[in-house]
Amino acid sequence: MALVLLLSAAGERTVSVRKSVNPQDTSAETKPDLPLEIAHVLLIDVVGYSKLLVNEQIELLQKLNQIVHGTQSFRAAEATGKLIRVPTGDGMALLFFHSPEEPVRCALEISRALQEQPHIQLRMGIHSGPVNPVGDVNDETNMAGAGINVAQRVLDCGDAGHVLLSAHVAEDLAQYRHWQPYLQDLGECEVKHGLRLHLFNLYKDGLGNPEVPEKLKRRKWKYKSAVVRPVSPPRWPKLLLVVASIVLAVALISVSISIRRISPRSTQVPAEGSNAASIPEKSIAVLPFENRSEDKANAYFADGIQDEILTRLSKIADLKVISRTSTQHYKSAPENLSEIARQLRVAHILEGSVQKSGDAVRVNVQLIKAANDSHLWADTFDRKLTDIFSVESEVAKSIADQLRAKLTGREEQVIAAKPTDNVEAYDAYLRGLAYTLITLNTPANALGAQKYLREAVRLDPKFALSWALLSHVDALGYITGSLQPTVALREEARQAAETALTLQPNLGEAVVAKGYYHYACLKDYDTAVRYYEQARQFLPNSSRIPESLAYVARRRGQWDRSESYFNEAERLDPRNVSILTQHGGSYICLRRFPEALQKFDQILNITPDDVDALVTKAAIAQAEGDLPRAAALLAPLHPAADDAPSLETQVYQAILERRPAQIIPRLKEILTKPDPALGFYNGELRFWLGWAQEVAGDHAAAQETWRQARSELAPLLKEQPENYFLIEDLALTNMGLGNKAAALALSERGMAVNPIEKDAVTGPFPIEILARVAAQMGEPDRAIAALQKLLSIPSLGPLASNMPLTPALLRLDPMFDPLRNDPRFQKLVASLAPKGSSPQAR
């Protein structure tokens, strides 16, 4: 039913959380022996508070407290016990500890509520930094520390309506693409005690204050020009300053090469006895390029330039090149290069930055030998957009020369090739590419990628690389349901792949796209494998090929072979969370939950706030019958309508707990204004709402909801006849309405459309739907037979986060209540139930 989270072949993740403390966050006010903790601080101040009468102040603060307590961010953090509130006289400080997004979301939610309370004028400041508990004069525990002090100084710079952020927080938010367009760089200013703060203004959808604060104007802040800025001068270690000065004084040579800013960092080589000797000398990782453009919305361009350089390098067989999916979680210029190189098992690191202003582009790159942090090569390229491809080619060729990689004639041609002569088409391609690199494979992201890639090939019909990526986006959307899986979508995927291959028969991406079309849209696994194996010669460093072969083997039920391919993919791409997710998904199919949890813990070590991983861990807890653990993991999450796995897992949790009343208002709110782009998923959400209402005892409301769901879902079946998600939704909806014949017929149709013989992973979906329908419709023999089959084979499940049925879920799920007194069902429930558990539903 839900979009198949564990079967998505795309979904690179970009979330990262800062673990270090900025130098400005360390002050004399914090003592090293105090128990420090990093807090994400939201400081709120009432503008004009002192001018109010006492009774007006009391009334205003009461209303403000009510608004703050009503925000989702506040309630979620409070529910997990990870929120500290500190009164500040004419405002308050809220200390969050889970994510830097929490105080920002809370500030926007408060601003939205205040639109109906125009007489309350607030300004807000946000900073992340160290805090520690202290005792106040009343012997109560309060909070102090640089985190709060700096937040206060950020706040002091704002006017009514402003939501100001320290650079520390803004840098963290910039790792999340959905925040980047709303961050306005205000530059630096000197505040109290000579501290210089780099501030950003947050303004989103009319929330906040778009104007530059008056205090900043009065102090004549230095605004950055709209042209490409010169590269910052290097900051050398102190021991080298004298030598550098002498050399510069003697030489007086104007150098166009930008030396990388060096700061003290570990230069230790791997410890003796480690397996460092096995790291190939001709190996490299390309870290994310820093976006130095004035327009923060140009982040997609910097990402695209990095990706293009990396792609060209990866096509050189004599090099080992780590995929972007493993490097994107690092900063553009991290301090611990040797540790990163060790984690990625490479000898060299490429760092870079991109500045774009109008049609002018500056690309700055530096190649570093990780073991001793020495610079092998660096250069700066100032070009026009029309000449950007020459930069990508020159960088790749220079790196190959520095690493003494042997190039074949074909590889030299590939490195020098221009994917398109149309600058506008290339820009649209990079925008579409950016959507494919976002964490979640949601309908919104799939539609965004599709929109820009279609525009790219419209502008340049000979743009083979864009045709290949468009085919992949379509095919991925088709198999996962993130796009409406219509015949027209499948046909576009085919035509796009064939067009790419016709234009460039030796383009590895086009060969892979054709294989993925056969896999995802036709389930023609033999043909898919032939294309994947053919692509190896063009993409020697690609982890995507063994990853794709792992998917094919898994669909065929070849679990050991699939495991081998996943291991190969992880060796090539060790920090690719998409591969780790899929590998964990295989363990879930096999109900090897401890091994699955290890994979998702690996993901959370890379991207600590990875929602997919957290939701899947919660779903595993549900499958193991540990509802308290699942509830703790799900409580902080606030998924939108297009995040199917997260939202449905929360609904399923409420149903398993037999306390669905708490989730019903949320579903109703979402369905008040359904997003047309979500297609059949809106009807699916109505099924879940009806199920929640039924479990809550409101039979009449459930019937009305299910009738509306059926009226929305049924017409879609004509244009999506093979959409087994849609068929399953209709089967369960008709079951809820008591239409036995239609429910059973749709269950059988699902098995015909998606037979288990063709798909060992999702083929069991319709069997589970049949078991549920039969249990509810008075067909216990058919239900028991289906359940016995399901518990004996590896599989995923059709509900929520695709967990397979387990004895624990059979024990908890109310849909199986009619079978509780059947001895055969009791035997299934007790087969692997935890000791001391009851076969009765809780």
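All values below come from the heavy atoms of this structure, side chains included, with hydrogens, waters and symmetry mates left out.
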- Message: So which atom in Leu43 and which in Ala93 form the shortest heavy-atom distance, rounded to 0.1 Å?
- Response: CD1-CB, 3.3 Å
- Query: Going through the checks in order, is the side chain to side chain contact (heavy atoms under 4.5 Å, CB included) test met by Leu95 and Ile148?
  - Reply: CA-CA 9 Å; Leu95 281 65; Ile148 295 177; 4.3 Å; yes
- Message: Please report the interatomic distance CD(Glu171) to OG(Ser128), rounded to the nearest 0.5 Å.
- Response: 11.0 Å
- Whether Thr71 side chain and Ile67 backbone form a donor-acceptor pair below 3.5 Å: no
- Between the NZ atom in Lys599 and the CG atom in Asp601, the distance rounded to the nearest 0.5 Å is 11.5 Å
- Do Leu64 and Met92 pass the side chain to side chain contact (heavy atoms under 4.5 Å, CB included) test, and can you show the C-alpha distance, the side-chain angles, and the key distance before you say yes or no? CA-CA 10 Å; Leu64 178 59; Met92 66 186 71; 4.0 Å; yes
- Taking all heavy atoms of Phe301 and all of Val354, pick out the closest pair and write down the distance. CD2-CG1, 3.8 Å
- Item | Any side-chain heavy-atom pair of Val169 and His40 under 4.5 Å | no
- Do Leu812 and Arg658 have side-chain heavy atoms sitting under 4.5 Å apart? no
- Query: Is the Lys NZ or Arg CZ of Lys204 less than 6.0 Å from the centre of Tyr182's six-membered ring, within 45° of the axis?
  - Reply: yes
- Note on the structure: In terms of heavy-atom contacts, Met124 and Ser111 come closest through CE-OG, 3.4 Å
- Taking atom types as modelled, is there a side-chain donor on Gln598 or Gln602 under 3.5 Å from an acceptor on the other? no
- Message: Can you tell me how the ring of His127 sits relative to the ring of His168, calling it parallel under 30°, perpendicular over 60° and tilted otherwise?
- Response: perpendicular
- Are Val104 and Leu202 side-chain neighbours, meaning at least one heavy-atom pair lies under 4.5 Å? yes
- Non-hydrogen atoms of Leu647 and Tyr681 that approach each other most closely: CD2-OH, 4.0 Å
- Query: Roughly how far, to the nearest 0.5 Å, is the CG atom of Asp205 from the CZ atom of Arg112?
  - Reply: 7.5 Å
- Taking Gln653 for the side chain and Leu627 for the main chain, is one N or O donor matched with an acceptor at less than 3.5 Å? yes
- Message: Between Val154 and Leu165, is the side chain to side chain contact (heavy atoms under 4.5 Å, CB included) condition met? List the steps.
- Response: CA-CA 7 Å; Val154 172; Leu165 316 178; 5.9 Å; no
- Message: Main chain of Gly158, side chain of Arg123: is a donor-acceptor contact present, judged purely on distance under 3.5 Å?
- Response: yes
- Hey, could you give me the OG/CG distance between Ser99 and Asp172, rounded to the nearest 0.5 Å? 8.5 Å
- Of Leu114, Val47, Asp45, which meets side-chain contact (heavy atoms from CB on, under 4.5 Å) against Leu122? Leu114
- Message: Do Trp688 and Gln650 have side chains that approach each other closer than 4.5 Å (heavy atoms only, starting at C-beta)?
- Response: no
- Message: Any non-hydrogen side-chain atom of Leu42 less than 4.5 Å from a side-chain atom of Glu102?
- Response: no
- Message: Could you measure the distance from the CZ atom of Phe74 to the CG atom of Asn65? Nearest 0.5 Å is fine.
- Response: 8.5 Å
- Task: Take atom CD of Gln115 as the centre, draw a 6.0 Å sphere, and report whether it contains more than 12 heavy atoms from other residues, nucleotides or ligands.
- Result: yes
- Nearest non-hydrogen partners of Leu199 and Ser166, listed with the distance: CD2-CA, 4.4 Å
- Message: So does Leu186 get a backbone contact from the side chain of Asn201, meaning a donor-acceptor N/O pair under 3.5 Å?
- Response: no
- Message: Quick one, Arg431 and Tyr435 - any side-chain contact, counting heavy atoms below 4.5 Å?
- Response: no
- Message: For a quick test of reading the model, state the closest non-hydrogen atom pair linking His162 to Asn209 and the distance between them.
- Response: CD2-O, 3.3 Å
- Query: Going by heavy atoms in the side chains, are Lys617 and Leu604 under 4.5 Å from each other?
  - Reply: yes
- Query: Looking just at side-chain N and O atoms, do Gln343 and Glu339 make a donor-acceptor pair shorter than 3.5 Å?
  - Reply: yes
- Item | Backbone of Leu671 reached by a side-chain donor or acceptor of Asn682 within 3.5 Å | no
- Inter-residue atom distance Ile620.CD1 - Leu633.CG, 0.5 Å rounding: 10.0 Å
- Message: Within the structure provided, determine whether Ile603 and Thr581 are in side-chain contact (heavy-atom separation under 4.5 Å).
- Response: yes
- Message: Set out, in order, the CA-CA distance, both residues' side-chain angles and the distance that settles side chain to side chain contact (heavy atoms under 4.5 Å, CB included) for Asn576 and Leu580, then state yes or no.
- Response: CA-CA 6 Å; Asn576 183 330; Leu580 292 170; 6.0 Å; no
